[in-house]
2 protein chains.
Amino acid sequence: MLDDRKAAILRAIVEEYIETAQPVGSVAVSRIPGLSVSSATVRNEMSVLERDGYLIQPHTSAGRVPTDKGYRFFVDSLTPTGHLDREQSEQVRTFFAKAHGELEKMLGDTSRFLSGLTDYAGVVVRQGADPGRIRSVQVVGLSARVVIVVVVLANGAVEKRTLELSEDVSDAHVAAASAHLARYLAGGMMGHAVSVPPTGDEMVDGIVRAAAESIVHPSSGGDGEPQVFVGGAARMAASFDAIGTVRRVLDILEQQYVLVTLIRDILDRGLSVAIGAEHGVQSLKDCSIVISPYEVEGEPAGTVGILGPTRMHYDQALAAVAVVSKRLGKALSEGVDGR
Amino acid sequence: MLDDRKAAILRAIVEEYIETAQPVGSVAVSRIPGLSVSSATVRNEMSVLERDGYLIQPHTSAGRVPTDKGYRFFVDSLTPTGHLDREQSEQVRTFFAKAHGELEKMLGDTSRFLSGLTDYAGVVVRQGADPGRIRSVQVVGLSARVVIVVVVLANGAVEKRTLELSEDVSDAHVAAASAHLARYLAGGMMGHAVSVPPTGDEMVDGIVRAAAESIVHPSSGGDGEPQVFVGGAARMAASFDAIGTVRRVLDILEQQYVLVTLIRDILDRGLSVAIGAEHGVQSLKDCSIVISPYEVEGEPAGTVGILGPTRMHYDQALAAVAVVSKRLGKALSEGVDGR
DNA sequence: CTTGGCACTCAAAGATACCGAGTGCCAGCC
DNA sequence: GGCTGGCACTCGGTATCTTTGAGTGCCAAG
């Protein structure tokens with residue numbers, strides 16, 4: 001749809017604009033090596049590219065700036081090298097060598113690390129259902145009607161669900177339910193249906209049913225919702241000079257629900273990059289998101305991503321996100337750090 | 001140290017400046033009701049206040065702006081009404097009526113709520129040691145050398161500590177240690193020393209000792225460090241117009257360690273407000289912090305606070321922070337929401 | 001001690017001119 | 001037909017200068 005020369009010109013303009021944040025003029029483009037045409041020719045091509053919606057002019061007598069469509073073409077035509085430069089690879093290596101600690105801490109650290117690596121904001125979303133193998137289940141009574149279910153997964157994650165029961169239960173009931181659940185759920189997978197046979201005691205079975213339900217159905221109760229970790233939000237401030245833009249973007253970064261929806265949306269569309277207004281969020285029209293899901297033990301467990309200005313270094317961002325998601329998945333699959 | 005008239009003039013200037021963010025001139029001050037002096041007199045007084053370090057002039061032929069010392073005088077002379085206005089009280093009521101869920105979620109929500117209430121950034125710090133009564137202790141093996149200790153507290157909080165042992169242990173050892181710890185620690189207080197008698201089995205005792213240590217000594221292992229929740233960081237962007245300032249402040253808000261140290265420092269000095277450069281953090285020289293510790297079941301459990309520009313509405317901030325810390329402590333003391 | 005008066009200062013806001021990067025278009029050339 | 005050099009034109013950005021007015025400091029008189 002774009003002949004070679006137009007494509008080359010468009011790519012050059014996008015690259016130049018990403019680098020300088022200044023509208024790109026025909027003379028600058030005509031100077032790129034490998035394209036030996038005069039600036040007049042470039043001008044003609046550029047005006048076609050503008051007519052077709054790949055570029056716009058901020059005003060007459062200024063150079064051109066890529067539109068979302070222009071960036072999209074650029075990103076799609078990117079040969080995914082998937083390689084970081086030497087220094088960055090080194091950073092990734094040291095980070096994951098040192099990475100350790102609780103799951104949440106690890107994910108938070110990863111978001112900050114991603115941000116430092118790319119100089120944009122880093123995001124890590126942990127999907128609600130942790131697909132780990134259940135290592136232990138325990139029910140603890142807090143008051144006459146409230147019990148808490150604590151599940152320890154093989155990777156060291158601890159899930160808790162607070163349950164409110166419909167009638168008072170005794171400590172003996174709770175203990176019986178705890179033992180019963182432990183017997184039937186240990187070794188199973190979090191979020192998978194498991195049938196737990198009744199014990200015969202109606203009180204105990206009530207607790208067992210509620211607890212099993214809360215484990216199988218991640219959305220019910222507890223912190224079953226996805227967790228979001230945002231790191232390096234401050235770096236967004238450096239990417240924009242309009243204070244209003246910064247504010248709007250930070251605002252979105254705090255609304256975890258919006259972020260999660262947004263990321264899920266991009267994944268559902270089979271994309272790994274969303275540019276400017278492609279995602280529906282008005283406040284992020286000057287931003288792009290680059291994401292990559294990660295898997296723990298072969299099961300999708302979450303997503304890592306980067307939020308930056310539309311004029312971001314897509315190649316680096318894509319590579320960074322890909323590498324980090326892979327390493328993160330691997331690190332988490334290995335279970336706790338001590339092994 | 002300041003006569004009545006100077007104090008009145010200084011207060012008027014601070015109030016006016018907080019309201020308008022513009023240097024305050026002598027004419028504006030001379031118009032305040034209750035002070036019937038001419039602008040010339042005010043000018044004389046103002047030049048004395050400047051000499052004494054309460055005010056500065058951005059440049060000749062501009063009005064005056066309060067210094068940190070000026071704000072300090074203002075804050076110290078504030079009669080603490082401790083009352084929020086009608087609408088805000090209403091907001092606090094509804095928030096705490098609806099507030100529920102996991103402890104972490106609750107604290108995060110509180111930080112966001114504080115931010116919404118005051119229009120500055122909200123901060124909640126949870127001190128490392130949760131002083132709750134221990135409801136249950138369990139040790140779960142993750143691999144041959146790694147075990148995780150899960151403690152459920154009476155208020156529904158779940159603490160975990162990952163331990164790496166010096167030698168391989170069997171499941172039987174872990175189970176024995178778990179049972180032994182449960183017997184001796186249940187009912188005790190988190191963070192308090194408890195003597196657990198040896199079992200005689202050296203393997204089991206090794207686990208028991210390590211686990212007990214991690215519970216008693218909150219700093220060792222696990223997520224014993226204080227947790228920080230920051231809400232409404234985006235609102236900081238509205239308070240400043242220099243993009244650099246916004247960046248620096250956001251940066252600090254992400255460095256949890258700095259925040260914790262800073263807040264502890266203020267508390268140690270017996271203050272509840274730190275203005276501008278009073279705290280040592282250079283990046284926050286244009287910010288003030290208003291804090292108030294909260295207690296759960298009579299024991300200090302953390303701190304809530306607000307970070308805003310030095311020209312913040314101190315009376316409202318102080319009242320908001322005081323009310324929220326009290327209500328938060330109460331809400332957490334009541335234990336889980338279901339009761 | 002207070003006050004009105006007055007000269008002085010200086011940032012901010014306009015006004016004006018200029019510069020130059022960049023465009024569009026055209027006529028000539030390959 | 002497509003490419004190119006040339007040229008007139010546009011228009012945002014910068015620099016310079018002026019004006020304006022809020023605000024000060026000081027002084028002499030009340």
Side-chain angles (χ1 to χ4, degrees), chain A residues 2-10 12-67 70 241-243 311, chain B residues 2-10 12-67 70 241-243 311:
Chain A
L2 286 187
D3 60 63
D4 286 357
R5 197 172 62 186
K6 284 197 188 60
I9 290 175
L10 178 52
I13 293 174
V14 173
E15 276 169 12
E16 181 72 10
Y17 184 70
I18 286 175
E19 213 55 54
T20 65
Q22 298 297 323
V24 183
S26 55
V27 181
V29 175
S30 70
R31 270 201 294 266
I32 63 170
L35 184 88
S36 19
V37 287
S38 75
S39 64
T41 310
V42 174
R43 275 202 290 282
N44 290 330
E45 298 286 49
M46 279 165 84
S47 80
V48 176
L49 285 170
E50 178 166 14
R51 182 168 45 70
D52 292 352
Y54 293 97
L55 299 174
I56 43 162
Q57 249 181 315
H59 44 260
T60 348
S61 95
R64 256 88 169 196
V65 167
T67 60
D241 38 275
I243 197 111
R311 43 175 287 272
Chain B
L2 287 187
D3 61 63
D4 284 358
R5 196 170 64 186
K6 285 196 188 60
I9 289 176
L10 178 52
I13 293 174
V14 173
E15 274 168 14
E16 181 71 11
Y17 184 70
I18 285 175
E19 214 56 54
T20 64
Q22 299 296 324
V24 183
S26 55
V27 181
V29 175
S30 71
R31 271 201 294 266
I32 64 169
L35 184 89
S36 16
V37 287
S38 76
S39 63
T41 309
V42 174
R43 275 201 290 284
N44 291 330
E45 298 286 49
M46 279 165 85
S47 80
V48 175
L49 285 171
E50 179 167 11
R51 182 169 44 72
D52 292 352
Y54 293 98
L55 299 174
I56 43 161
Q57 249 181 315
H59 44 260
T60 348
S61 95
R64 257 88 170 195
V65 166
T67 59
D241 38 273
I243 198 107
R311 44 173 288 271

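Heavy-atom basis, side chains included; hydrogens, waters and symmetry copies ignored. Computed from a predicted model, the values in this text were never measured in an experiment. By convention in this document, chain letters (A, B, ...) are assigned in the order of the sequence lines, proteins followed by strands, and residues within each chain are numbered from 1.
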key: A:Gln22 to A:Tyr17 - nearest heavy-atom pair and separation   = O-CD1, 3.1 Å

Minimum heavy-atom distance B:Leu2-B:Leu10, with the two atoms named = CD1-CD2, 3.9 Å

Strictly below 4.0 Å: does [X] bring a side-chain N or O up to OP1 or OP2 of [N]?
X       : N      : answer
B:Arg5  : C:dC1  : no
B:Ser61 : C:dA11 : no
B:Ser26 : D:dT24 : yes
B:Thr60 : C:dC8  : no

ask   = The side chain of B:Ser38 lies closest to which of these nucleotides: C:dG4, D:dT4, D:dT24?
value = C:dG4

message = Counting C-beta onward and ignoring hydrogens, is there a side-chain heavy-atom pair between B:Ser47 and B:Arg64 closer than 4.5 Å?
response = yes

ask   = With distance as the sole test, does A:Asp3 use its side chain to make a donor-acceptor pair with the main-chain N or O of A:Arg5 at under 3.5 Å?
value = yes

inquiry  = Please check this pair: side chain of B:Gln57 against backbone of B:Ala62, looking for a donor-acceptor N/O pair closer than 3.5 Å.
reply    = yes

message = Just to be sure I understand the rule, does B:Val37 reach a base, reach only the sugar-phosphate, or reach nothing, if contact means heavy atoms closer than 4.0 Å?
response = sugar-phosphate

Side chain to side chain donor-acceptor pair (under 3.5 Å) partners of B:Ser30, counting only residues at least two apart = none

Pairs under 3.5 angstrom, nitrogen or oxygen only, protein versus nucleotides 5-7 of chain C, please.
from  : atom 1 : to      : atom 2 : distance (Å)
C:dG5 : O6     : B:Arg43 : NH2    : 3.2

